[in-house]
Engineer: 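Take this structure, written in structure tokens, and hold onto it; I'll ask about it next.
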Amino acid sequence: QLQLVESGGGLVQPGGSLRLSCVGSGFSFRFRNIGWFRQAPGNEREGISYISPTGDRINYADSVKGRFTISRDNGAKTVYLQMNSLKPEDTGVYYCAARTGWGTTPAEYGTWGQGTQVTVSS
């Protein structure tokens with residue numbers, strides 16, 4: 001059974017940091033591109049960051065560039081999203097997703113986790 005499980009979300013003050021984890025199982029994790037997406041209430045799901053199977057190709061949305069860092073450990077079947085200098089507008093449910101081949105839109109991804117809530121507020 002293909003599965004992705006996110007963790008690491010929570011409540012943090014503006015300027016704080018969180019590290020999200022995405023653990024995969026039931027498929028060849030090391031061959032898949034992984035994307036992080038977020039969805040704020042009333043908004044469409046948007047892409048945040050993407051990483052290729054070997055980590056040699058990485059992309060960030062302009063809104064998080066310089067603040068977020070994506071990485072992966074294929075031995076642990078895990079992709080991380082280190083989020084620094086968090087802002088209230090970073091609030092939302094964060095999802096990871098997997099696909100074969102490069103993709104940057106939610107519609108291109110077929111395997112999704114259940115999401116983890118990130119709230120940035122004082």
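Any value given below was found using the heavy atoms of this structure, including those in side chains, with hydrogens, waters and symmetry copies removed. Computed from a prediction, not measured in an experiment: that's the story for all the values here.
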Engineer: Hey, can you pull the donor-acceptor pairs under 3.5 Å for the side chains in residues 26-36, sequence neighbours left out?
Structural biologist:
{"residue": "Arg32", "atom": "NE", "partner": "Thr100", "partner atom": "OG1", "Å": "3.4"}
{"residue": "Asn33", "atom": "ND2", "partner": "Gly101", "partner atom": "O", "Å": "3.0"}

Engineer: What pairs meet the salt bridge (Lys or Arg N to Asp or Glu O under 4.0 Å) rule with one or both residues in residues 66-84, with sequence neighbours excluded?
Structural biologist: Arg67-Asp90
Engineer: Kindly write out the residues that satisfy side chain to side chain contact (heavy atoms under 4.5 Å, CB included) with Ser121, not counting sequence neighbours, or none if the list is empty.
Structural biologist: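 Listed in chain order: Leu11, Thr119.
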Engineer: Mind checking what makes salt bridge (charged side-chain N to carboxylate O under 4.0 Å, His left out) contact with Glu108, not counting sequence neighbours?
Structural biologist: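 Expected list: none.
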Engineer: Assigning hydrophobic clusters by single linkage (Ile, Leu, Val, Met, Phe, Trp, Tyr; side-chain heavy-atom cutoff under 4.5 Å), is Leu20 placed with Val23?
Structural biologist: no
Engineer: Filter on ring pair (Phe, Tyr, Trp, His ring centres under 6.0 Å), then keep only pairs touching residues 41-79, sequence neighbours left out; what's left?
Structural biologist: Phe37-Tyr50
Engineer: Enumerate the disulfide (SG to SG under 2.5 Å) contacts for residues 43-93, please, sequence neighbours excluded, ordered by first and then second residue.
Structural biologist: none
Engineer: Residues two or more places apart in sequence or in another chain: which of them pass salt bridge (charged side-chain N to carboxylate O under 4.0 Å, His left out) with Asp62?
Structural biologist: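 Asp62 satisfies salt bridge (charged side-chain N to carboxylate O under 4.0 Å, His left out) with Lys65 only.
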Engineer: Does Val5 reach the side chain of Gln114, with side-chain heavy atoms less than 4.5 Å apart?
Structural biologist: yes
Engineer: Going from CH2 on Trp102 to CG on Asn59, what distance comes out if it is rounded to the nearest 0.5 angstrom?
Structural biologist: 5.5 Å
Engineer: Just how far is it from atom OG1 of Thr91 to atom CG of Asn43, taken to the nearest 0.5 Å?
Structural biologist: 11.5 Å
Engineer: Search all heavy atoms of Thr111 against all heavy atoms of Leu4 and return the closest pair with its distance.
Structural biologist: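 Thr111 and Leu4 have their closest heavy atoms at O-CD1, 3.4 Å.
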Engineer: Name each donor-acceptor pair under 3.5 Å that joins a side chain in residues 79-88 to protein atoms two or more places apart or in another chain, with its distance.
Structural biologist:
{"residue": "Gln82", "atom": "NE2", "partner": "Asn84", "partner atom": "OD1", "Å": "2.9"}
{"residue": "Asn84", "atom": "OD1", "partner": "Ser17", "partner atom": "OG", "Å": "2.9"}

Engineer: Strictly distance-based, threshold 3.5 Å: is any side-chain N or O of Thr116 a donor or acceptor partner for the main-chain N or O of Ser7?
Structural biologist: no
Engineer: If Ile, Leu, Val, Met, Phe, Trp and Tyr residues are connected whenever their side-chain heavy atoms lie under 4.5 Å apart, and connections chain through other members, are Tyr94 and Trp112 in the same group?
Structural biologist: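 In one cluster with Tyr94: Trp112, no.
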Engineer: To the closest 0.5 Å, what do you measure between CD (Gln117) and CD (Glu6)?
Structural biologist: 12.0 Å
Engineer: With rounding to the nearest 0.5 Å, note down the distance linking OG in Ser63 to CD1 in Ile48.
Structural biologist: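 Reported to 0.5 Å precision, the distance equals 5.0 Å.
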Engineer: Does anything in residues 44-61 pair up under salt bridge (Lys or Arg N to Asp or Glu O under 4.0 Å), and if so which pairs, sequence neighbours excluded?
Structural biologist: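 The answer is Arg38-Glu46.
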Engineer: For residues 33-95, which residue pairs pass the disulfide (SG to SG under 2.5 Å) check, not counting sequence neighbours?
Structural biologist: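 Found none.
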Engineer: If two hydrophobic side chains count as joined below 4.5 Å and joins carry through other members, does Val120 share a cluster with Val64?
Structural biologist: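 Yes.
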Engineer: Enumerate the disulfide (SG to SG under 2.5 Å) contacts for residues 44-122, please, sequence neighbours excluded, ordered by first and then second residue.
Structural biologist: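 Found Cys22-Cys96.
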